[in-house]
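All ligand and atom numbering here is 1-based and tracks the order in the structure. On a predicted model such as this, the values are computed, not experimentally measured, just so you know.
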Amino acid sequence: MAALDGLPPLRDVIQRHGLDARKALGQNFLLDLNLTQKVARTAGGLEGTTVFEVGPGPGGLTRAILALGAKKVIAVERDTRCLPALAEIADHYPGRLEVIEGDALKTDFESLAPEGPIKIIANLPYNVGTQLLVNWLLPKTWPPFWQSLTLMFQKEVGERIVAGEDDDHYGRLGVLCGWRTEARMAFDVAPQAFTPPPKVTSTVVHLTPRENPIPCSVANLEKVTQAAFGQRRKMLRQSLKPLGGESLLVKAGIDPARRAETLSVEEFCLLANSL
Ligand SMILES: C[S@@+](CC[C@H](N)C(=O)[O-])C[C@H]1O[C@@H](n2cnc3c(N)ncnc32)[C@H](O)[C@@H]1O
């Protein structure tokens, strides 16, 4: 039976093109088009937007994004075996799907960005997901070239992305995300929803850029969060010793007896600016 978009069911596509999932490429495919539509809908209205997708695979999420009215999808896929399946989707939606064969970690998304609103939506390969997120959080200019990020991660990574102070998952990633974005977890996806099922639950995270993040040097912020969370159970006067310890903390107006996980994002920016 054909799917609602008139294209063949994803199981048939996978079989016909011999797309057995490869672990090294983080391949856990979503074959339920209702679920891929739920992921795509989390990004909000797609009409008139260009969507960057990383790792379209056999195209389940790509199809959902196109069916929901995105003007264009630019998808970067490393596995050449997926290209014929994606070409069928491109034929079905003329002029609306561009597939770039390559490594998303080496792709300069900013330079590919066309005029008009851009959203990034992806069921990310687990081994490169966090690095891609960090790249998108640190573009050449801010506000960034994207309007929102809607990304699937392992749940544990999602928890670190949205964590604020006094949360066990709070760390360097939470500070970076909290500094530049408003981040929320949208919904969890059970392992059985994927083919093959991964070992852990996944979660969809939605991030939108803050218009005016506190001015702060990324390099300094990295230095203080790395030192502070590197010894998260110690008092900051101890963990920040290589960066000036007590005198740095006094300069920033922060009690040297506090611990990393109690500091707000704003306080980390204060510390970075006092370096
Ligand atoms: C978790 S699967 C998601 C597939 C599809 N989007 C879905 O939801 O069913 C991750 C996809 O990313 C691709 N991939 C892995 N590493 C990549 C990289 N560095 N650059 C681009 N694509 C990559 C894999 O080949 C795979 O198709």
Side-chain angles (χ1 to χ4, degrees), residues 3 5 7-43 46 51-68 70 73-90 93 97-109 112 119-136 149-158 186-205:
D5 60 6
L7 283 158
L10 282 157
R11 273 187 204 287
D12 295 0
V13 173
I14 284 188
Q15 213 170 27
R16 193 156 38 85
H17 294 285
L19 299 177
D20 51 305
R22 301 215 168 137
K23 208 174 171 185
L25 285 168
Q27 291 183 334
N28 301 97
F29 300 133
L30 285 175
L31 304 186
D32 176 351
L33 290 167
N34 291 316
L35 186 55
T36 57
Q37 289 219 6
K38 187 173 173 189
V39 177
R41 253 188 248 112
T42 305
L46 294 180
V51 174
F52 282 128
E53 187 191 358
V54 169
L61 186 52
T62 320
R63 283 167 60 169
I65 296 165
L66 288 163
L68 288 175
V73 176
I74 302 175
V76 181
E77 174 57 62
R78 198 173 175 181
D79 185 355
T80 51
R81 295 178 312 150
C82 298
L83 301 183
L86 295 167
E88 288 173 8
I89 303 173
Y93 291 101
L97 172 60
E98 182 185 340
V99 180
I100 297 174
E101 179 203 333
D103 183 345
L105 283 175
K106 296 186 183 144
T107 304
D108 182 354
F109 289 92
L112 289 175
K119 296 187 175 185
I120 300 180
I121 307 177
N123 172 13
L124 290 172
Y126 287 155
N127 45 351
V128 296
T130 312
Q131 186 57 54
L132 281 169
L133 171 62
V134 170
N135 294 352
W136 289 323
L149 307 174
T150 305
L151 307 171
M152 175 103 72
F153 288 98
Q154 293 132 289
K155 187 165 183 187
E156 178 267 332
V157 178
F187 61 93
D188 290 347
V189 182
Q192 306 81 273
F194 298 86
T195 303
K199 289 203 173 71
V200 295
T201 297
S202 300
T203 199
V204 175
V205 180

side-chain contact (heavy atoms from CB on, under 4.5 Å) between Phe109 and Val76: does it pass, once the steps are laid out? CA-CA 10 Å; Phe109 289 92; Val76 181; 3.8 Å; yes
For the pair Met152 and Leu30, evaluate side-chain contact (heavy atoms from CB on, under 4.5 Å) and give the outcome as yes or no after the intermediate values. CA-CA 11 Å; Met152 175 103 72; Leu30 285 175; 3.6 Å; yes
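A donor-acceptor distance shorter than 3.5 angstrom exists from the side chain of Asn28 to the backbone of Pro196, with no hydrogens or angles considered. At least one donor-acceptor pair closer than 3.5 Å links the side chain of Arg81 to the backbone N or O of Asp20. A distance-only check finds no donor-acceptor pair linking the side chain of Glu53 to the backbone of Ile121 [under 3.5 Å]. In this structure, the side chain of Thr36 does not engage the main chain of Ala64 through any donor-acceptor pair within 3.5 Å. At least one donor-acceptor pair closer than 3.5 Å links the side chain of Thr203 to the backbone N or O of Phe187. For the pair Asn127 (side chain) and Ala24 (backbone), a donor-acceptor distance under 3.5 Å is present.
Of all the heavy atoms of Pro56, the ones lying under 4.0 Å from any atom of ligand 1 belong exclusively to the backbone.
Heavy-atom distances between Gly60 and ligand 1 stay at or above 4.0 Å for every pair. Contact annotation: Gly102 has at least one heavy atom less than 4.0 Å from an atom of ligand 1. Contact analysis leaves Lys106 out of contact with ligand 1, as no non-hydrogen atom separation drops below 4.0 angstrom.
Taking only nitrogen or oxygen atoms, main chain and side chain alike, Gln27 reaches within less than 3.5 Å of ligand 1. At least one N or O atom of Asn123, backbone or side chain, sits closer than 3.5 Å to an N or O atom of ligand 1. Any N or O atom pair closer than 3.5 Å counts here, and Gly55 shares at least one such pair with ligand 1. Residue-to-ligand polar distances place Ala104 within reach of ligand 1: an N/O pair is separated by less than 3.5 Å. Looking at Asp79 next to ligand 1, no N or O pair under 3.5 Å apart turns up. Considering both main-chain and side-chain atoms, Leu30 comes within under 3.5 Å of ligand 1 through a nitrogen or oxygen pair.
Note: Phe194 CZ to Asn123 CG = 5.0 Å, rounded to the nearest 0.5 Å. Atom-to-atom distance recorded for Asp79:CG and Gln27:CD is 5.0 Å, nearest 0.5 angstrom. Note that the CG atom of Leu133 and the CD1 atom of Ile120 stand 9.5 Å from one another [nearest 0.5 Å].
Among protein heavy atoms, atom 22 (N) of ligand 1 sits closest to Arg78 N, 3.4 Å. The single protein non-hydrogen atom nearest to atom 14 (N) of ligand 1 is Pro125 CG, 3.8 Å, given as residue, atom name and distance. Scanning the protein heavy atoms around atom 13 (C) of ligand 1, the nearest turns out to be Glu77 OE2, 3.4 Å. At the shortest separation from atom 10 (C) of ligand 1 among protein heavy atoms lies Gly26 O, 3.6 Å. From the protein, the heavy atom lying nearest to atom 15 (C) of ligand 1 is Leu25 O, 3.1 Å. Protein heavy atom at the shortest distance from atom 19 (N) of ligand 1 is Asp103 OD1, 2.8 Å.
Counting the atoms of ligand 1 from 1 in the order shown, those under 4.0 Å from a heavy atom of Glu53 are 6 (N). Close approach of ligand 1 to Gly57 is summarised as follows: ligand atoms under 4.0 Å from at least one heavy atom of the residue are 27 (O). For ligand 1, the atoms sitting less than 4.0 Å from at least one non-hydrogen atom of Val76 are 21 (C), 22 (N), numbered in the order shown with element in parentheses.
Within 6.0 Å of the CZ atom in Arg11, the count of heavy atoms belonging to other residues, nucleotides or ligands does not exceed 12.
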